[in-house]
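This report concerns only the one structure given below.
The shown structure was predicted, so the numbers you read here are calculated from the model rather than taken from an experiment. Order of appearance sets the numbers: ligands from 1, and atoms from 1 within every ligand.
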Amino acid sequence: MADTDTAPGAQRFIPPQADTLDELRAAATGCRGCELYRDATQTVFGRGDASARVVFVGEQPGDMEDQKGLPFVGPAGRLLRKAVDDAGLDPGHIYLTNAVKHFRFELRGKRRIHQTPDRVHITACRPWLVAEFAQLAPEVIVVLGATAAKALLGPTFRVTRQRGELLPWPAAAQHPEDFHQVPVDNAGHAADAPPAQLLATIHPSAVLRADNQDVAYDGLVADLTVVSRALTGRPGR
Ligand code: SF4
C-alpha cells in the first residue's frame, strides 16, 4: 500500500517552456510530486538517444540506478542491453526511461528491497513521461512489464496475453490525449509522420527471476526481434 492515497503529482514541477530533455532532467531533480523522493537517493530520469527510433519504458529505478542516478545500469539493465543487441537493435540508439522516477523500496535490516509502485505513484509521475515523449519521436515504444503497461495502456492490459505484438498507438491507452504529440517534429509540433506503435514485453528483471532464465531470455529477444524486423527497411524519421 502507498503511504498516501493521493499525491500532488509532478505537473507543477515541469517547466512549461522546457523544450529539451536536458531541461526536463534538470527540473526533475527537484520533483516532490509524491512521497517517493523522501527515501530515495535521487531522481532517475530517462537517458539515451533523443532521436531514438525505439524508446523503452520500464517500471522504476532499482537499487543501483538509485545510487548512480541513471536508469537501467543494474543487472536488469545489462540483460536488456544484451537482449537489444541480440534482437538486432542498436543499443547505442535507444532511449530508456521508467514510468516512476524514484526508487520505491522497503528497508529490511540494511537491505533495500524493491517494492512495486502503486497506482498513486504511477499517476503522480505520469507527467514526466508525457513530457519526455513530447521531446521524442520514436517509431516504436517498448513497454517493459506490467507497471509500465498500466501507465501507458491502462489497468486492463495484460502483458502476458499481448506481449510481442505491435499495437497501434495510442488506441489502447488511458488518456491517449496525453500523448497526442507523439511523434513531434523539430519545432515541437505534432509531426506529419505515422504514429508510434507500442510493443509490450516482460521486464528484464522478470527474466532474472524466472525459473528457466534461458527460456525467459529467448522470449524477450523474440519480442524485441519483432521491433527490429518492423524497423528494418523502414527509413528513419
Ligand atoms: S516518483 Fe515521480 S512524481 Fe514522485 S517524486 Fe519522484 S519524480 Fe516526482
Side-chain angles (χ1 to χ4, degrees), residues 1-48 50 55-74 76-77 80 95-107 111-136 138 141-155 170 173-179 181-182 203-205:
M1 291 292 290
D3 294 347
T4 58
D5 290 333
T6 58
Q11 192 62 54
R12 69 194 169 99
F13 297 93
I14 299 179
Q17 306 306 326
D19 58 7
T20 66
L21 289 164
D22 285 344
E23 283 177 74
L24 293 173
R25 188 176 293 111
T29 60
C31 186
R32 305 286 182 264
C34 72
E35 88 283 2
L36 294 186
Y37 77 90
R38 282 195 221 127
D39 296 329
T41 308
Q42 57 194 316
T43 310
V44 181
F45 205 72
R47 67 163 177 157
V55 170
F56 290 79
V57 183
E59 180 192 85
Q60 67 161 355
D63 185 69
M64 198 174 291
E65 285 85 3
D66 170 78
Q67 292 173 46
K68 297 204 167 170
L70 294 168
F72 292 96
V73 290
L80 177 63
Y95 185 87
L96 299 160
T97 192
N98 283 302
V100 172
K101 299 199 170 16
H102 274 106
F103 179 36
R104 186 180 193 219
F105 61 92
E106 183 185 22
L107 262 186
R111 291 184 63 209
R112 304 194 302 172
I113 308 296
H114 164 279
Q115 273 195 304
T116 302
D118 283 332
R119 182 191 281 256
V120 66
H121 307 120
I122 297 169
T123 303
C125 213
R126 184 182 171 93
W128 288 119
L129 202 54
V130 175
E132 277 178 300
F133 275 114
Q135 302 300 325
L136 294 161
I141 294 146
V142 178
V143 180
L144 298 167
T147 301
K150 272 182 210 157
L152 287 168
L153 300 160
Q174 265 191 329
H175 300 298
E177 69 279 8
D178 281 354
F179 296 98
Q181 278 193 295
V182 178
H203 195 282
S205 62

> Does some side-chain heavy atom of R32 sit less than 4.5 Å from a side-chain heavy atom of R38?
Replying inline: no

>> side-chain hydrogen bond (donor to acceptor under 3.5 Å, both in side chains), that's the test. Do H114 and E59 meet it? Break it down for me.
In response: CA-CA 11 Å; H114 164 279; E59 180 192 85; 2.5 Å; yes

> Does any non-hydrogen side-chain atom of V44 lie less than 4.5 Å from one of H102?
Replying inline: no

> Are side-chain heavy atoms of T147 and N98 found at a separation under 4.5 Å?
Replying inline: no

>> Main chain of G74, side chain of E65: is a donor-acceptor contact present, judged purely on distance under 3.5 Å?
In response: yes

> Leaving out waters, which are not shown anyway, how many protein N, O or S atoms lie closer than 2.8 Å to atom 6 (Fe) of ligand 1?
Replying inline: 1

> Below 4.5 Å, heavy atoms only, C-beta onward: do L24 and W128 meet side chain to side chain?
Replying inline: yes

